[in-house]
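Notes for the one structure printed next.
Heavy atoms only: backbone and side chains are in, while hydrogens, waters and symmetry mates are out. Just so it is clear, the model here is predicted, and its values are computed rather than measured.
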Amino acid sequence: MVLLQQLNAPCPYYLNDDRKNTLLTLGISLVLVATMIAFDPACRQAGNKVLIVGTVVFLVLFSHIVLLPKLLPAPFDAMQWTLGKYLVFTVWQLVLCGPAIAIVKHVLHLHHEPIGLGDAILATYPRIVTFGIIPVGVGTMILRTYVLKENLRCAIRANQELERIRTLKEERKEETNLATESHHVTLSSDTRETLTLNLPDLLYVEADDNYSTVVWKNGNGVEKKILRINLKNMETQLNNSFALRCHRSFIVNIYAIDHISGNTNGYKLSIRDTDFSVPVSRSKGKEVIGKLKQLRDMIELY
């Protein structure tokens, strides 16, 4: 039971952008090369082979860590990433590194003596496991520490911006009310069904394929309505200064954010008057903070 809880614990999906993840994969590959040279005398005499191994490992890691989430975004949602998924994904990459290295060495005739491809693959795995433990272990510890600190730091900054916005709204209450309390919008679905609401009452929109659930505050309660419309079209209809696309499945009203929390998986936006938190995708973190700053600047101009 304890082990299961540990495996389901939040874990960062590597770093926050493709450039950083590319540098991370390069760093892991270089550490692997350095480990091989430091602990295997034979590797010191075969510099070219070691560099080829490092290059193959980099390509395997890069294709999985950076490219694969672009093709299959749902399984790699950073908000749903756990320690168990990270370990399985890491083992899978190590498993693929074995045949990839063996195939390249076989094609380039880099083995010490002629052997079959199957034997070459089997002979590669003990070295992959032995030399891969150090970079994977060190990389995991650095990754968790760095991402947690970065997410907590950014969450604090975002909460400071939220607090500044609330203070400015109170100081300019009359002007702000005139600007935001009477801004109605009519949302049209693909089936010609419509929904008209006061835009500042909007809390968030959650999408599921071609359907979107609109959630808004109505008096003392919260209402929901499902419309047949995808989130991209919904975002176009909600084009304004305080509706923010923060995730592939969510649009949130910035004024509806109560506070922002951060952990190793990223950020979550707690929605006022509900017990619901909207996730922020790893590519949208900076955009959320930037939008808060932009909104604060707009209020300051009143």
Query raised in the report: Partners of Lys85 by side chain to side chain contact (heavy atoms under 4.5 Å, CB included), sequence neighbours excluded?
Result: Gln80, Trp81, Thr82
Query raised in the report: Are any non-hydrogen side-chain atoms of Leu195 and Leu227 less than 4.5 angstrom apart?
Result: yes
Requested in this report: For residues Ser212 and Asn230, report the shortest heavy-atom separation together with the two atoms involved.
Outcome: OG-C, 3.8 Å
Query raised in the report: For Thr186, what residues pass the side chain to side chain donor-acceptor pair (under 3.5 Å) criterion, not counting sequence neighbours?
Result: Thr196
Query raised in the report: Nearest heavy-atom pair of Ile229 and Ser188: which atoms, and what distance?
Result: CD1-O, 3.5 Å
Query - From CA spacing to verdict: side chain to side chain contact (heavy atoms under 4.5 Å, CB included), Leu24, Tyr14 - result: CA-CA 8 Å; Leu24 175 66; Tyr14 301 95; 3.6 Å; yes
Query raised in the report: In this structure, are over 12 heavy atoms from other groups packed under 6.0 Å from Leu23 atom CG?
Result: yes
Report task. Work out which heavy atom in Arg245 is nearest to a heavy atom in Glu235; give both atom names and the distance. Result -> NH1-OE1, 3.1 Å
Report task. Mark yes or no for whether Asn159, through its side chain, and Ile260, through its backbone, hold a donor-acceptor pair below 3.5 Å. Result -> yes
Query raised in the report: Hey, are the side chains of Ser29 and Leu61 touching, using non-hydrogen atoms and a 4.5 Å cut-off?
Result: yes
Query raised in the report: Just one of Asn253, Ile257, Leu162, Leu244 clears the side-chain contact (heavy atoms from CB on, under 4.5 Å) bar with Leu269, so which one?
Result: Ile257
Query - Contacts of type salt bridge (Lys or Arg N to Asp or Glu O under 4.0 Å), residue Lys70, not counting sequence neighbours - result: Asp18
Query raised in the report: Above 12 or not: heavy atoms from other molecules or residues under 6.0 Å from CG of Asn8?
Result: yes
Report summary line: When Leu59, Thr25, Leu96, Thr90 are each screened for side-chain contact (heavy atoms from CB on, under 4.5 Å) with His64, the one that passes is Leu96
Report task. Sequence neighbours left out, what passes side chain to side chain donor-acceptor pair (under 3.5 Å) with Glu161? Give chain and number order. Result -> Arg296
Query raised in the report: Does any non-hydrogen side-chain atom of Glu206 lie less than 4.5 Å from one of Val214?
Result: no
Query raised in the report: Any side-chain heavy atom of Leu238 sitting closer than 4.5 Å to one from Val205?
Result: yes
**Report entry** Side-chain touch Thr213/Asp208, heavy atoms, less than 4.5 angstrom
**Finding:** no
Query raised in the report: Excluding sequence neighbours, so at least two apart, what forms salt bridge (Lys or Arg N to Asp or Glu O under 4.0 Å) with Glu193?
Result: Lys225
Report task. Could you tell me which non-hydrogen atom of Pro75 sits nearest to which non-hydrogen atom of Leu72, and how far apart they are? Result -> CD-O, 3.1 Å
Report task. Report the relative orientation of the aromatic rings in Phe89 and Tyr13; use parallel for angles under 30°, tilted for 30 to 60°, perpendicular for over 60°. Result -> tilted
Query raised in the report: If every non-hydrogen atom of Thr22 is compared with every non-hydrogen atom of Phe62, which pair is closest and at what distance?
Result: OG1-CE1, 3.3 Å
Report task. Determine whether Asn218 and Asp201 make a side-chain contact, defined as any pair of heavy atoms from C-beta on separated by less than 4.5 Å. Result -> no
Query raised in the report: Would you say Val185 and Met234 are hydrophobically clustered, going by side-chain heavy atoms of ILVMFWY under 4.5 Å?
Result: yes
Query raised in the report: Checking Asp258 side chain against Ser270 main chain: does a donor-acceptor pair fall under 3.5 Å?
Result: no
Query raised in the report: What's the verdict on side chain to side chain contact (heavy atoms under 4.5 Å, CB included) for Leu71 and Leu67, showing C-alpha distance, side-chain angles and the deciding distance?
Result: CA-CA 7 Å; Leu71 300 175; Leu67 299 182; 5.7 Å; no
Report task. Output every pair passing salt bridge (Lys or Arg N to Asp or Glu O under 4.0 Å) with a member in residues 213-222, not counting sequence neighbours, ordered by first then second residue. Result -> Lys217-Asp273
Requested in this report: Evaluate the ring planes of Phe250 and His247, with Trp represented by its six-membered ring, and classify them as parallel (under 30°), tilted (30 to 60°) or perpendicular (over 60°).
Outcome: perpendicular
Query raised in the report: Would Leu187 and Ile226 show up in the same hydrophobic cluster when neighbours are defined by side-chain heavy atoms closer than 4.5 Å?
Result: no
Query - From CA spacing to verdict: side chain to side chain contact (heavy atoms under 4.5 Å, CB included), Leu202, Leu197 - result: CA-CA 8 Å; Leu202 176 69; Leu197 72 157; 4.2 Å; yes
Requested in this report: Step through it carefully: locate the ring centre of Phe276, locate the ring centre of Tyr204, and say whether they are under 6.0 Å apart.
Outcome: yes
